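Below is one structure; the comments refer to it alone.
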Amino acid sequence: MAAEPGLARTLLESPPDGVPALAGSVREAYDAGLPVTVVGCGTSEHGAMAVAALVDAALGGNWPAAAVPRQSLEAAERPQRGGICIGLSHDGGTRATTLALEEAAAAGARTALITARPGGSASGPAELVLVTPVHDDSWCHTIGYTSPILVGAALARELGLDVDAGEAEALLREALDAPPDAAPLAGCERLVCAGAGLDYITARELELKLAEGTRVSTAAHQLETVLHGHLAGEDSGTGLVIVRTATSPRVARRAELVAAAAREIGMPVVEIGRPSEAPLTRLLVGAAALQGLTLGLVHARAVNPDLIRREEPAYGRAGSVGDADW
């Protein structure tokens, strides 16, 4: 986490080789009405959502979206026809992402990969491999989330989005220096994360970090979805985290009502983020806030987040089963 502000300046001032070429492929596909997709699994799936959002913002931010995220297995099962498919895999060997790129290439799409470890299986079907400079030692990825967001910002800048390296570094440093207060959630048995639009991306990554890092059962919902039945399954043992970086008065009012409804049944509520119009600012502030909140709960619960519980025999065996050949 401490390396992230400096990394922001590094990746935005000296982007990985291949960013201009990838921007050209994205522009070509978009102008031809062909799909622009970003695929990944786990943290990389959430990074894919962020990269797609940044590219979409650079290309106008209209509906239908100019770029869309897809979960890698789903993308492998239903490959796109033509266009450009960008894969994210921090370790470079995610099987589902490899398959997604292979199937997209076989169906006539251009392919690219954003990774910290080139040379893995996912590099094989990628025409362009964009390498990020720092690899997470922890399996509870932090820089593995912010790195692709920053590459996505460099890509979006090539496509016309206003992005400033110094500003990105400063806002990450400021946000990391003032993490959210985790104390209200310390005794919770379950956590629910919610956000609308770009904030749902942050909520999804927060859900994963809390599960991996704090070993608490978690769920993530669209902000509006929380009020459509889900509170019936919660009580005072559940904490609610609302991500709020949107400037929309409608979304702000809805967030207030979601928080008020949760408090009526005794749920502690924590809100993270700060409003901004800039998509990169919203994503980076959200990233710093979700990581800071997770770290606060890690300390409160006195657990080791780095091994995502694989040091325990049953969870180690579960990981081995999940990593079997397929």
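Only this structure's heavy atoms are used, side chains among them; waters, hydrogens and symmetry mates stay out. Because the structure is a prediction, the values reported are computed rather than measured.
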Between [X] and [Y] (side chain of the first, backbone of the second, donor and acceptor by atom type, cut-off under 3.5 Å), is there such a pair?
| X | Y | value |
| --- | --- | --- |
| Thr10 | Gly6 | yes |
| Gln71 | Leu73 | yes |
| Thr111 | Pro125 | yes |
| Asp136 | Ser138 | no |
| Thr294 | Leu290 | yes |
| Gln80 | Gly82 | yes |
| Arg301 | Thr214 | yes |

Counterpart residues, side-chain contact (heavy atoms from CB on, under 4.5 Å), relative to [X] (two or more places apart):
| X | result |
| --- | --- |
| Ala278 | Ser276, Thr281 |
| Ala261 | Leu227, Leu231 |
| Ser121 | Thr98 |
| Glu28 | none |

Indicate yes or no: at least one non-hydrogen side-chain atom of [X] is less than 4.5 angstrom from one of [Y].
| X | Y | answer |
| --- | --- | --- |
| Arg244 | Glu256 | yes |
| Leu295 | Met1 | yes |
| Pro249 | Arg253 | no |
| Val68 | Pro35 | no |
| Leu11 | Pro16 | yes |
| Arg254 | Ser248 | no |
| Arg70 | Arg78 | yes |
| Val192 | Val241 | no |

Below 3.5 Å, can you tabulate the donor-acceptor pairs from side chains in residues 149-156 to any protein atom, sequence neighbours excluded?
none

Just do the side chain to side chain donor-acceptor pair (under 3.5 Å) check on Gln291 and Thr142 with the steps written out, would you? CA-CA 7 Å; Gln291 292 171 7; Thr142 50; 4.9 Å; no

Atom [atom1] in [X], atom [atom2] in [Y]: separation rounded to 0.5 Å?
| X | Y | atom1 | atom2 | value |
| --- | --- | --- | --- | --- |
| Leu185 | Leu293 | CG | CG | 6.0 Å |
| Leu171 | Leu280 | CG | CG | 7.0 Å |
| Asp235 | Met267 | CG | CE | 8.5 Å |
| Leu240 | Leu191 | CG | CG | 9.5 Å |
| Leu22 | Leu128 | CG | CG | 6.0 Å |
| Glu212 | Leu307 | CD | CG | 11.5 Å |

Let me check something: do [X] and [Y] share a hydrophobic cluster, defined by ILVMFWY side-chain heavy atoms less than 4.5 Å apart, either directly or through other members?
| X | Y | value |
| --- | --- | --- |
| Ile143 | Leu88 | yes |
| Leu208 | Tyr145 | no |
| Ile114 | Val19 | yes |
| Leu7 | Leu283 | yes |

Please test Glu4 against Val134 for side chain to side chain contact (heavy atoms under 4.5 Å, CB included), starting from the C-alpha separation and ending with a verdict. CA-CA 9 Å; Glu4 290 176 317; Val134 182; over 6 Å; no

Please name all residues satisfying ring pair (Phe, Tyr, Trp, His ring centres under 6.0 Å) with His141, sequence neighbours left out, ordered by chain then number.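 If we apply the ring pair (Phe, Tyr, Trp, His ring centres under 6.0 Å) test to His141, skipping adjacent residues, the hits are His90.
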
Can you sort out the partners of His299 under ring pair (Phe, Tyr, Trp, His ring centres under 6.0 Å), two or more places apart, ordered by chain and number?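 His299 satisfies ring pair (Phe, Tyr, Trp, His ring centres under 6.0 Å) with no other residue.
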
If you compare all heavy atoms of [X] against all heavy atoms of [Y], which two are closest, and at what distance to 0.1 Å?
| X | Y | value |
| --- | --- | --- |
| Thr115 | Ser89 | OG1-O, 2.6 Å |
| Leu284 | Ala168 | CD1-CB, 3.9 Å |
| Val303 | Gly213 | CG2-O, 3.3 Å |
| Thr218 | Val216 | CG2-O, 3.2 Å |
| Ala29 | Val36 | CB-CG2, 4.0 Å |
| Leu223 | Ala255 | CD2-N, 3.8 Å |

Please list, one pair per line, the donor and acceptor atoms closer than 3.5 Å that link side chains of residues 195-202 to other protein atoms, with sequence neighbours excluded.
residue : atom : partner : partner atom : Å
Asp199  : OD1  : Thr245  : OG1          : 2.4
Asp199  : OD2  : Thr245  : N            : 2.8
Asp199  : OD2  : Thr245  : OG1          : 3.4
Asp199  : OD2  : Ala246  : N            : 3.4

Could you check whether Arg215 pairs with Glu312 (Lys NZ or Arg NE/NH1/NH2 to Asp/Glu carboxylate O, under 4.0 Å)?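 Between Glu312 and Arg215 there is a salt bridge, with a charged N closer than 4.0 Å to a carboxylate O.
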
Taking ring-ring contact (aromatic ring centres under 6.0 Å, His included) as the cut-off, I'd like each qualifying pair that reaches into residues 301-326, sequence neighbours left out, listed once.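 Listed once each, the pairs would be none.
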
Return yes if a side-chain donor-acceptor contact under 3.5 Å exists between Glu234 and His230, otherwise no.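 No, no side-chain donor-acceptor contact under 3.5 Å.
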
Crowding at [atom1], [X] (>12 non-hydrogen neighbours, <6.0 Å):
| X | atom1 | answer |
| --- | --- | --- |
| Asp162 | CG | no |
| Asp17 | CG | no |
| Glu264 | CD | no |

Which pairs count as salt bridge (Lys or Arg N to Asp or Glu O under 4.0 Å) when at least one residue sits in residues 100-124, sequence neighbours excluded?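 Every salt bridge (Lys or Arg N to Asp or Glu O under 4.0 Å) pair that includes a residue of residues 100-124, provided the two are not neighbours, is Asp91-Arg117, Arg110-Glu127.
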
Give the intermediate values and the outcome of side chain to side chain contact (heavy atoms under 4.5 Å, CB included) for residues Thr37 and Ile86. CA-CA 6 Å; Thr37 67; Ile86 305 167; over 6 Å; no

List for me each residue that meets salt bridge (Lys or Arg N to Asp or Glu O under 4.0 Å) alongside Glu13, sequence neighbours excluded, and say none if there are none.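 Per chain and number, Glu13 pairs via salt bridge (Lys or Arg N to Asp or Glu O under 4.0 Å) with Arg9.
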
Could you pull out all donor-acceptor pairs under 3.5 Å where a side-chain atom in residues 39-60 meets a protein atom, sequence neighbours excluded?
residue : atom : partner : partner atom : Å
Thr43   : OG1  : Glu205  : OE2          : 3.4
Thr43   : OG1  : Lys209  : NZ           : 2.8
Glu45   : OE2  : Arg204  : NH2          : 3.1
His46   : ND1  : Glu205  : OE1          : 2.8
Asp56   : OD1  : Ala66   : N            : 2.7

Given Cys193 and Leu210, is the side chain to side chain contact (heavy atoms under 4.5 Å, CB included) satisfied, shown in steps? CA-CA 10 Å; Cys193 311; Leu210 291 171; 3.8 Å; yes

